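Take a look at the structure below.
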Amino acid sequence: MPVEFLGIATTSDASETTAPTTKPIDLRYLERIVRAHEDNGWTRVLFAYGSSGLEPSALAGWIAGRLDSIELLLAHRPNVSYPTFAAKTFATLDQVSQGRLSVHFITGGNDHEQAREGDRLTKDERYARTHEYIQIVKQAWTSAEPFDHHGPFYDFDDFVLDAKPFEGRVPTISFGGSSEAAYKVGAAEADIFAVWGEPLDRTAEQIARIHAEARAAGRTTLPRIHAAFRPIIAPTEELAWEKAHDVLGRIEARKAGAGDQLRRYRTGAPENAGSQRLLEIAAQGERFDTALWTATAKATGGAGNSNALVGTPETVAQALLAYYDLGVSVISARGYDLLDDATDFGRYVIPIVREEVAKRDAERAAADAEAA
């Protein structure tokens, strides 16, 4: 089972630890950071979505014309466009990138953030809408004939997409979440189901649940699993932990001095199940398994991908291989110093993981051949 690595595409060097030194829209920095991923073994980069951020499909198209091998993962919220228009946008980007596009659908876990763009549906309604939306997009990509749709959220007649995705392919769809509704919708529709990095036993529980829901939905091909971490690596364990505590101090300092700039750092309890899970785990302890560290998740209020893996490249690689052995085949590993961490992780961690995965796969293939 091949292993894939997901990084981040951004127009600024700002992070939880770093105030921006670039322009808010720095296209040279965007190309530089994506090129650092492409040159150092990463599979794809994410173009994220936020209500106040840049429109990610325009940035993905800009990069597609400049770099020719890195894959592009476009985050998309169904509330921001009609599904027929979105299917057209995705197909166009897939053509422009010659088959390098994947789409990550975000249902939205925070009522206030959704309301910033006029979305006032309840959480359950949002998931039901996302389910319908994905089904429409898939049909638009594959249907050779015009079709009608009359659903609870979308209603149209006689739509056909003339320009299909590149060479007749169907772009990969990914989906994330940890709520009951998320498991049901994502397991039914997604090629890749994304979870945030949790201890191994909790991750195994989530994988089992996702696969059970996929089988219940009648699927024979189960979703691949994507887990997200914040790597903190250094040449020795001591230096890695010194770096980790420096990262934590920088997060706290940035929170104290940033005012409204870091709105994702919540003062109240998070609404989404994934962040609630991260905070519950952090309350139970700071360190789990061989390298998982929850202090960064606690400091950011469980804001998104926030649990760290700390250690030497070898330690972090072995930690990731333990997740691979559970069934995780897509690894997100965004650092805190975005450019340098993307380069270091690509140079020092990815080769170890890929080599060990190749060994595991070869051993499994040999065992299967012998058993046959």
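Everything numeric here is computed off the predicted structure, so don't read it as measured data. Start at 1 with the first residue, then count along the sequence. Values below: every heavy atom of this structure, side chains too, minus hydrogens, waters and symmetry copies.
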Considering only distance and modelled atom types, tabulate donor-acceptor pairs under 3.5 Å from the side chains of residues 186-195, sequence neighbours left out.
from   : atom 1 : to     : atom 2 : distance (Å)
Glu189 : OE1    : Lys138 : NZ     : 2.9
Glu189 : OE2    : His131 : NE2    : 2.9
Glu189 : OE2    : Gln135 : NE2    : 3.0
Asp191 : OD2    : Ile173 : N      : 2.8

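- Applying the ring pair (Phe, Tyr, Trp, His ring centres under 6.0 Å) test to His104 and every residue at least two apart in sequence or in another chain returns nothing.
- Proximity of the aromatic rings of Phe153 and Tyr133 is defined here by a centroid distance below 6.0 angstrom, and this criterion is not met.
- Between Glu4 and Arg224 a salt bridge is recorded (basic side-chain N to carboxylate O distance below 4.0 Å).
- For Trp196, the ring pair (Phe, Tyr, Trp, His ring centres under 6.0 Å) criterion is met by no residue, not counting sequence neighbours.
- Counting only residues at least two apart or on different chains, the side-chain hydrogen bond (donor to acceptor under 3.5 Å, both in side chains) pairs with a member in residues 55-68 are Glu55-Ser57.
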Taking distance alone, no hydrogens or angles, what donor-acceptor pairs closer than 3.5 Å link side-chain atoms of residues 340-353 to residues at least two apart or in another chain?
from   : atom 1 : to     : atom 2 : distance (Å)
Asp341 : OD2    : Tyr336 : N      : 2.9
Asp341 : OD2    : Asp337 : N      : 3.0
Thr343 : OG1    : Leu339 : O      : 3.2

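- Scanning for side chain to side chain donor-acceptor pair (under 3.5 Å) contacts around Gln206 gives Ser178, Tyr183, Glu198, with sequence neighbours left out.
- The aromatic rings of His76 and Phe105 stand perpendicular to each other, their planes meeting at an angle above 60°, with 30° marking the opposite boundary.
- Taking Phe47 as the reference, nothing meets the ring pair (Phe, Tyr, Trp, His ring centres under 6.0 Å) condition, with sequence neighbours excluded.
- Side-chain rings of Phe156 and His149 approach one another, their centers coming within less than 6.0 Å.
- Here side-chain hydrogen bond (donor to acceptor under 3.5 Å, both in side chains) pairs that include residues 156-168, with residues two or more places apart or in two chains, are His150-Asp157.
- Within the structure, salt bridge (Lys or Arg N to Asp or Glu O under 4.0 Å) pairs that include any residue of residues 105-115 comprise Arg77-Glu113, Asp111-Arg126, Glu113-Arg116 (at least two apart or interchain).
- Across Arg250, Arg254, Arg230, a single residue satisfies salt bridge (Lys or Arg N to Asp or Glu O under 4.0 Å) together with Glu16, and that is Arg230.
- Counting only residues at least two apart or in different chains, salt bridge (Lys or Arg N to Asp or Glu O under 4.0 Å) contacts with residues 294-315 are absent.
- No hydrogens or angles considered: nothing links the side chains of Asn307 and Thr294 as a donor-acceptor pair under 3.5 Å.
- For the salt bridge (charged side-chain N to carboxylate O under 4.0 Å, His left out) test, residues two or more places apart in sequence or in another chain that qualify with Glu180 are Arg209.
- Within the 3.5 Å criterion, the main-chain N or O of Ser15 finds no donor-acceptor partner in the side chain of Thr18.
- Looking at Arg360 and Glu363, no side-chain N of the basic residue comes within less than 4.0 Å of a carboxylate O on the acidic one, giving no salt bridge.
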Check your understanding: How far apart are the C-alpha atoms of Thr11 and Asp26, what are their side-chain angles, what is the distance that settles it, and do they pass the side-chain hydrogen bond (donor to acceptor under 3.5 Å, both in side chains) test?
Key -> CA-CA 5 Å; Thr11 62; Asp26 191 328; over 6 Å; no
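- Annotation for Ile25: atom CD1 does not count as buried by contact number, only 12 or fewer foreign heavy atoms lying within 6.0 Å.
- One side chain, Thr315 or Glu237, offers a donor N or O that lies under 3.5 Å from an acceptor on the other.
- Remark: Phe85 pairs with no residue by the ring pair (Phe, Tyr, Trp, His ring centres under 6.0 Å) rule, at least two apart or across chains.
- Judged by a 6.0 Å distance limit and a 45° cone about the ring axis, Arg334 is not positioned over the six-membered ring of Trp42.
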